[in-house]
Amino acid sequence: MVTINIYGLDQFVVGELSGRITKDLAKIYEMDPDEIHFISSNNMVFHEGNEQTSWRVFVEVNAPMKVEVLEEYVAKLLEHYICEVAIHVEIIFKYFSVDHYHKHINGDYPLFLEDKNLVNFDENYSEDMEEGEGEDEIFTGDIFEGIK
């Protein structure tokens with residue numbers, strides 16, 4: 001399993017990048033794309049009080065020790081994609097022993113949320129409906145009727 005934390009880029013940009021990078025990374029690492037994850041929180045980078053977001057981007061790659069020999073290839077790939085949306089990029093690799101990696105997958109649910117397994121709760125909603133139509137109709141009568 002590989003996780004890539006990206007600091008200093010908009011989280012939606014990271015989401016888009018993950019879609020473009022994951023398959024290429026999986027080829028380099030010779031692993032299933034399901035084992036590669038990108039993480040981005042809503043964060044910003046600062047230096048001496050000045051925001052550096054998208055100017056300075058820091059990437060942290062956490063990967064098993066056995067793939068350390070591929071570091072240069074991975075660094076070049078990440079630089080290639082991230083430099084399209086950022087000015088300066090710094091990458092640090094952190095390796096772990098798989099002896100210290102644990103995973104629990106609940107077999108009752110799909111591994112990932114995807115369009116094909118999402119539930120649409122707004123099936124009765126129509127773009128043409130006005131607020132208050134249908135089951136969401138607003139009561140317009142006298143709520144105090146019958147009260148003295």
Side-chain angles (χ1 to χ4, degrees), residues 1-140:
M1 196 252 315
V2 173
T3 58
I4 300 166
N5 301 298
I6 300 182
Y7 306 98
L9 273 183
D10 178 89
Q11 60 195 5
F12 298 105
V13 173
V14 173
E16 190 272 330
L17 281 173
S18 75
R20 295 173 53 207
I21 298 174
T22 300
K23 288 182 181 170
D24 290 342
L25 275 176
K27 286 178 187 173
I28 292 172
Y29 281 136
E30 296 180 357
M31 64 174 51
D32 190 311
D34 289 353
E35 292 296 314
I36 299 173
H37 308 283
F38 284 75
I39 299 172
S40 175
S41 57
N42 189 12
N43 62 63
M44 298 166 61
V45 173
F46 292 91
H47 178 74
E48 294 185 355
N50 296 305
E51 182 186 350
Q52 306 294 315
T53 307
S54 297
W55 191 264
R56 296 289 304 265
V57 173
F58 299 90
V59 180
E60 178 183 278
V61 179
N62 296 286
M65 285 183 218
K66 68 180 183 180
V67 298
E68 184 176 2
V69 296
L70 303 169
E71 184 174 306
E72 289 302 315
Y73 299 106
V74 172
K76 286 185 186 340
L77 178 76
L78 292 173
E79 287 172 8
H80 169 75
Y81 282 104
I82 297 172
C83 286
E84 292 177 356
V85 294
I87 305 300
H88 304 291
V89 178
E90 296 180 41
I91 304 171
I92 185 168
F93 288 83
K94 296 181 177 181
Y95 297 101
F96 59 86
S97 166
V98 292
D99 294 339
H100 300 287
Y101 170 69
H102 305 272
K103 175 164 93 172
H104 167 78
I105 301 298
N106 186 332
D108 294 336
Y109 299 94
L111 187 57
F112 296 102
L113 294 174
E114 300 173 311
D115 289 338
K116 65 184 177 187
N117 62 17
L118 290 177
V119 176
N120 184 0
F121 288 106
D122 294 326
E123 290 176 0
N124 296 325
Y125 175 77
S126 167
E127 291 288 333
D128 298 329
M129 290 179 70
E130 294 289 328
E131 183 177 340
E133 286 185 326
E135 292 179 15
D136 190 32
E137 191 170 332
I138 299 170
F139 178 73
T140 57

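Numbers here simply count residues along the sequence, with the first being 1. Treat the numbers as computed from the prediction; the structure is a model and nothing was measured.
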- Query: Less than 4.5 Å apart, any side-chain heavy atom of Ile4 and any of Ile39?
  - Reply: no
- Query: Tyr95: what forms a side chain to side chain donor-acceptor pair (under 3.5 Å) with it, not counting sequence neighbours?
  - Reply: Glu71
- Sequence neighbours excluded, every pair satisfying ring-ring contact (aromatic ring centres under 6.0 Å, His included) that has a member inside residues 2-33: none
- Give a yes or no answer on whether the side chain of Asn43 reaches the backbone of Gly8 with a donor-acceptor pair at less than 3.5 Å. yes
- Message: Are the side chains of Val89 and Leu78 in contact, using a 4.5 Å heavy-atom criterion?
- Response: no
- Message: Checking Tyr101 against Met1 for the side-chain contact (heavy atoms from CB on, under 4.5 Å) test, could you report, in this order, the C-alpha distance in whole Å, the side-chain angles of both residues, the deciding distance, and whether it holds?
- Response: CA-CA 9 Å; Tyr101 170 69; Met1 196 252 315; 3.2 Å; yes
- Are any side-chain N or O atoms of Thr22 and backbone N or O atoms of Gly19, one a donor and one an acceptor, separated by less than 3.5 Å? no
- Item | Least distance between heavy atoms, Ile91 atom then Ala75 atom | CD1-O, 3.8 Å
- Measure the OG1-CG distance between Thr53 and Asp10 for me, rounded to the nearest 0.5 Å. 9.0 Å
- Could you walk me through whether Ile6 and Val57 pass side-chain contact (heavy atoms from CB on, under 4.5 Å), step by step? CA-CA 7 Å; Ile6 300 182; Val57 173; 3.8 Å; yes
- Query: Is there a side-chain contact between Glu72 and Val74 (heavy atoms, below 4.5 Å)?
  - Reply: no
- Query: Would a 4.5 Å heavy-atom cut-off, applied to side chains only, mark Ile36 and Met31 as touching?
  - Reply: yes
- Message: According to ring pair (Phe, Tyr, Trp, His ring centres under 6.0 Å), who are the partners of His88, at least two apart in sequence or on a separate chain?
- Response: Trp55
- To the nearest 0.5 Å, what is the distance between CE (Met44) and CG (Leu9)? 12.5 Å
- Note on the structure: Of all heavy-atom pairs linking Asn42 and Gln11, the shortest is N-OE1, 3.4 Å
- Message: Does any part of the side chain of Ile28, heavy atoms only, come nearer than 4.5 Å to the side chain of Leu77, both counted from C-beta?
- Response: yes
- Item | Heavy-atom check, side chain of Val61 versus side chain of Thr3, under 4.5 Å | no
- Quick one: salt bridge (Lys or Arg N to Asp or Glu O under 4.0 Å) pairs with a partner in residues 29-48, sequence neighbours left out? Glu35-Lys103
- Any side-chain heavy-atom pair from His47 and Arg56 closer than 4.5 angstrom? no
- Message: Take a 6.0 Å sphere around CZ of Phe58 and say whether it holds more than 12 heavy atoms from other residues, nucleotides or ligands.
- Response: yes
- Message: I'd like to know whether Leu25 forms a side-chain contact (heavy atoms from CB on, under 4.5 Å) with Phe38, so could you lay out the CA-CA distance, the side-chain angles of the two residues, the decisive distance to 0.1 Å, and finally the verdict.
- Response: CA-CA 11 Å; Leu25 275 176; Phe38 284 75; 3.9 Å; yes
- Query: Considering residues at least two apart in sequence or located in another chain, which fulfil the side chain to side chain donor-acceptor pair (under 3.5 Å) criterion with Ser54?
  - Reply: none
- Message: Would the distance check show the side chain of Gln52 and the main-chain N or O of Asn50 forming a donor-acceptor pair, the cut-off being under 3.5 Å?
- Response: yes
- Which pairs with one or both residues in residues 74-88 pass salt bridge (Lys or Arg N to Asp or Glu O under 4.0 Å), sequence neighbours excluded? Arg20-Glu84
- Note on the structure: Heavy atoms of Val2 and Pro64 approach each other most closely as CG2-CD, 4.1 Å
